[in-house]
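Reading through the structure tokens given below for one structure.
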Amino acid sequence: MSAVPNLDIVHDLDVDTHHRALRFLTAGSVDDGKSTLIGRLLFDGQAILADQLDMLEKRAAGQPLDLSLLTDGLEAEREQGITIDVAYRYFATKSRKFIIADAPGHEQYTRNMVTAAAGSDAAVVLVDITKLDTSVDAVTLLPQTRRHSLLAHLLRVPSIVFAVNKLDALEQPGPAFAAVSKALRAFAEQAGIEVTAIVPVSALRGDNVTQPLDGEWATWYQGPSLLQVLESLPGVQEKVEGGLSIPVQYVAREPGDAGDGVGHQPRTLWGRIAHGQVKAGDQIQILPSGQTAIVAEVRRAGETVAHCVAGESAGVLLDRQLDVSRGDWIVTPGSATPTQSFEATLAWLDTEPAVAGRKYWLRHGNRWVQARISSIEHRLDIHTLAEQEAAEIKVNEIGHVRIETQSALPVEPYASNRIGGALIVVDPTSNRTSGALLVRAAS
């Protein structure tokens, strides 16, 4: 049996990798084994409590443990045997801490997957090999495998790992894994996805999940286990270089020297830094007003600090009083230009299609504005990755649209700023979260 060439890990191991918790999600189609895989990681990593183990053993009644129950916490999930809500779990090895999210595989709950992917450092996309015809030259991947991979790529999840599951159910897993790997690489190349690794696993039996393969599997795969891949991945670090960008979340008023309500009362502008860094003496600009000031003091966790960088929550005191409220942005002067029109990639999550001309609510940072889709340029066919003309964007479809807003927003391309370039679309009638917008460019 010929050996399958290993897919090299793309990311170099960063010095700080082992000091930063890795946030990753599992995605893929229904019944691909996502919950079982996470359960296996928790079980082998000894990250489950004694009462949880007792529950599993009682439910098993002498049969193999159903590890998916460790994440499927809702009663409806256990009854239907599917994941509905995103389940977060935590575990650690000697070298790394992990925050894992089990995302639903059903199309109806794609919005939950998008929510989990937006803050993840990595995505593990499971591929159930028993659902694929591996006897043909070109293996056809399942639609949800392609959709979740595309969404993770569009949401700029830095590391995408394909875990080919249930190889224990095949008589000849080596050739089958080679065929699926070829299909995954071809799809990824066509979609512009940089694949970190393709790993064979059996979540049910535990093969190659936490320990490298041995025995018969080792003759056709000599790569790392899934856990070894995860331990080597870098965590997301927002860009510290470049201009400052802080969405103001809260304005705190502090007592003045003469007592509360009398005299000068300093105000601290709090927010999580999306981009760049801030220190005392920096000149800043408030958007959308355009007013400028000098940073007098920077605080973190209530204490004065020398500076704060991207990814940290900071409190900024200015050298003079400005009219600043929740939803405003603190930026480096001239680094962002508010606009009322921009192009964006739209991932639609609502059962009612998105149509041009209809008004929606948009959330950008901490600001809500009314907006409308001025035009739909095209939608993406997830099967062929071709751009097609479309009059509407249906549920779980991805399209390219133009947006017009009632008031100007300091949007930036999502490729350079994941916070300033992302918006949530909300239906004004039902208040449902209808879609996610990823800014391409101001138009």
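Please read all numbers here as calculations on a predicted model, not as lab measurements.
- For the pair L37 and L126, the minimum side-chain heavy-atom distance is below 4.5 Å.
- Residues satisfying the side-chain contact (heavy atoms from CB on, under 4.5 Å) test with P288, not counting sequence neighbours, are D328, R367.
- With contacts defined as side-chain heavy-atom distances shorter than 4.5 Å, the pair I198/R185 qualifies.
- Within a 6.0 Å radius of CD in Q388, more than 12 heavy atoms belonging to other residues, nucleotides or ligands are found.
- Y90 and I100 make their closest contact through N-CG1, 4.5 Å (heavy atoms, listed as atom of the first residue, atom of the second, distance).
- Within the structure, every pair that satisfies the ring pair (Phe, Tyr, Trp, His ring centres under 6.0 Å) test and touches residues 302-335, not counting sequence neighbours, is listed here: W329-H364.
- The side chain to side chain donor-acceptor pair (under 3.5 Å) test applied to S407 returns no partner, not counting sequence neighbours.
- Between E404 and the options R358, R372, K359, a salt bridge (Lys or Arg N to Asp or Glu O under 4.0 Å) holds for only R372.
- Among all heavy-atom pairs drawn from A314 and I273, the shortest one is CB-CD1, 4.0 Å.
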Residue pair T268, R299: steps toward the side-chain contact (heavy atoms from CB on, under 4.5 Å) verdict:
CA-CA 9 Å; T268 306; R299 296 181 178 178; 3.9 Å; yes
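- Of the possible polar contacts, none joining the H275 side chain to the S245 backbone as a donor-acceptor pair under 3.5 Å is found.
- Residues passing the side chain to side chain donor-acceptor pair (under 3.5 Å) test with T337, sequence neighbours excluded: none.
- With a 4.5 Å cut-off on side-chain heavy atoms, V180 and L132 count as touching.
- Other residues, nucleotides and ligands contribute over 12 non-hydrogen atoms within 6.0 Å of the NZ atom of K131.
- Every salt bridge (Lys or Arg N to Asp or Glu O under 4.0 Å) that R300 has, sequence neighbours left out, goes to E312.
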Test T339 against V411 for side-chain contact (heavy atoms from CB on, under 4.5 Å), laying out the working first.
CA-CA 7 Å; T339 179; V411 297; 3.6 Å; yes
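- Within the 4.5 Å cutoff, the side chain of L409 has heavy atoms near those of the V369 side chain.
- In terms of the side chain to side chain donor-acceptor pair (under 3.5 Å) criterion, residue partners of T345 (sequence neighbours excluded) are, by chain and number, R440.
- For N366 (side chain) and R326 (main-chain N/O), no donor-acceptor pair under 3.5 Å exists by modelled atom type.
- Side-chain contact between V139 and L184 is absent, with no heavy atoms from C-beta onward closer than 4.5 Å.
- A salt bridge does not link D121 to R23: none of the charged side-chain nitrogens sits closer than 4.0 Å to a carboxylate oxygen.
- Side chains of E377 and S375: a donor-acceptor N/O pair is present below 3.5 angstrom, by distance only.
- No donor-acceptor pair under 3.5 Å is formed between the side chain of Q285 and the backbone N or O of V331.
- At least one donor-acceptor pair under 3.5 Å links the side chain of R156 to the backbone N or O of Y414.
- Between A344 and L437, the shortest heavy-atom contact is CB-CD2, 3.8 Å.
- Listed by chain and residue number, nothing satisfies the salt bridge (Lys or Arg N to Asp or Glu O under 4.0 Å) test with E392 (two or more places apart in sequence, or in another chain).
- Looking at S374, its side chain does come within 3.5 Å of a backbone N or O of R402 through a donor-acceptor pair.
- The ring pair (Phe, Tyr, Trp, His ring centres under 6.0 Å) test applied to F24 returns no partner, not counting sequence neighbours.
- Here the CD1-CG distance, from I330 to D282, works out to 11.5 Å after rounding to the nearest 0.5 Å.
- Contact record, V209 with A203: CG2-CA, 4.2 Å, taken as the closest heavy-atom pair.
- Residues satisfying the ring pair (Phe, Tyr, Trp, His ring centres under 6.0 Å) test with Y360, not counting sequence neighbours, are W348.
- Between T332 and L244, the shortest heavy-atom distance links the atoms OG1-N, 2.7 Å.
- Under the rule for a side chain to side chain donor-acceptor pair (under 3.5 Å), the partners of Q291 that lie at least two apart in sequence or sit in another chain are S289.
- Residues E343 and H400 have side chains that bring a donor and an acceptor to within less than 3.5 angstrom of each other.
- Applying the side-chain contact (heavy atoms from CB on, under 4.5 Å) rule to S430 yields the partners D427, R432; only residues at least two apart in sequence or on another chain are considered.
- No side-chain donor-acceptor contact under 3.5 Å links N396 to the backbone of L349.
- Residues E231 and R96 are not paired through a salt bridge, judged by the lack of any N-O separation under 4.0 Å between the basic side chain and the carboxylate.
- To the nearest 0.5 angstrom, L346 atom CG is 13.0 Å from R379 atom CZ.
- Under the 3.5 Å distance criterion, the side-chain polar atoms of Q249 are left unmatched by any main-chain donor or acceptor of W270.
- With L269 as the partner, the side chain to side chain contact (heavy atoms under 4.5 Å, CB included) test is satisfied by one option alone out of V251, I246, V295: V251.
- Between the side chain of N165 and the backbone N or O of V127, no donor-acceptor pair lies under 3.5 Å.
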Under the side-chain contact (heavy atoms from CB on, under 4.5 Å) rule, what do F342 and L423 come out as? Steps first, then yes or no, please.
CA-CA 12 Å; F342 58 89; L423 300 94; 4.1 Å; yes
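- For Q211, the CD atom sits in a loose shell: 12 or fewer heavy atoms of surrounding residues, nucleotides or ligands are nearer than 6.0 Å.
- Rounded to the nearest 0.5 angstrom, D319 CG and E297 CD are separated by 12.5 Å.
- To the nearest 0.5 Å, atom CD of residue E194 and atom OG of residue S159 are 8.5 Å apart.
- Residues satisfying the ring pair (Phe, Tyr, Trp, His ring centres under 6.0 Å) test with H153, not counting sequence neighbours, are none.
- Put simply, the side chain of I403 reaches to within 4.5 Å of the side chain of L362, judged on heavy atoms.
- Listed for the S149 side chain is a donor-acceptor partner under 3.5 Å among the backbone atoms of T145.
- Once rounded to the nearest 0.5 Å, the distance linking CH2 of W361 with CH2 of W368 reads 8.5 Å.
- The distance from atom CD1 of I398 to atom CD of E387, rounded to the nearest 0.5 Å, is 12.0 Å.
- Contact annotation: the side chain of L25 never approaches that of V124 to less than 4.5 Å [non-hydrogen atoms, C-beta and beyond].
- For P247 against A274, the heavy-atom pair with the smallest separation is CD-CB, 4.3 Å.
- Although no hydrogens or angles enter the test, the distance criterion places a donor-acceptor pair under 3.5 Å between the side chain of R320 and the main chain of T292.
- Between V164 and V199 there is no side-chain heavy-atom pair separated by less than 4.5 Å.
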Step by step, would you call F98 with L227 a side-chain contact (heavy atoms from CB on, under 4.5 Å)?
CA-CA 10 Å; F98 297 93; L227 183 58; 4.2 Å; yes
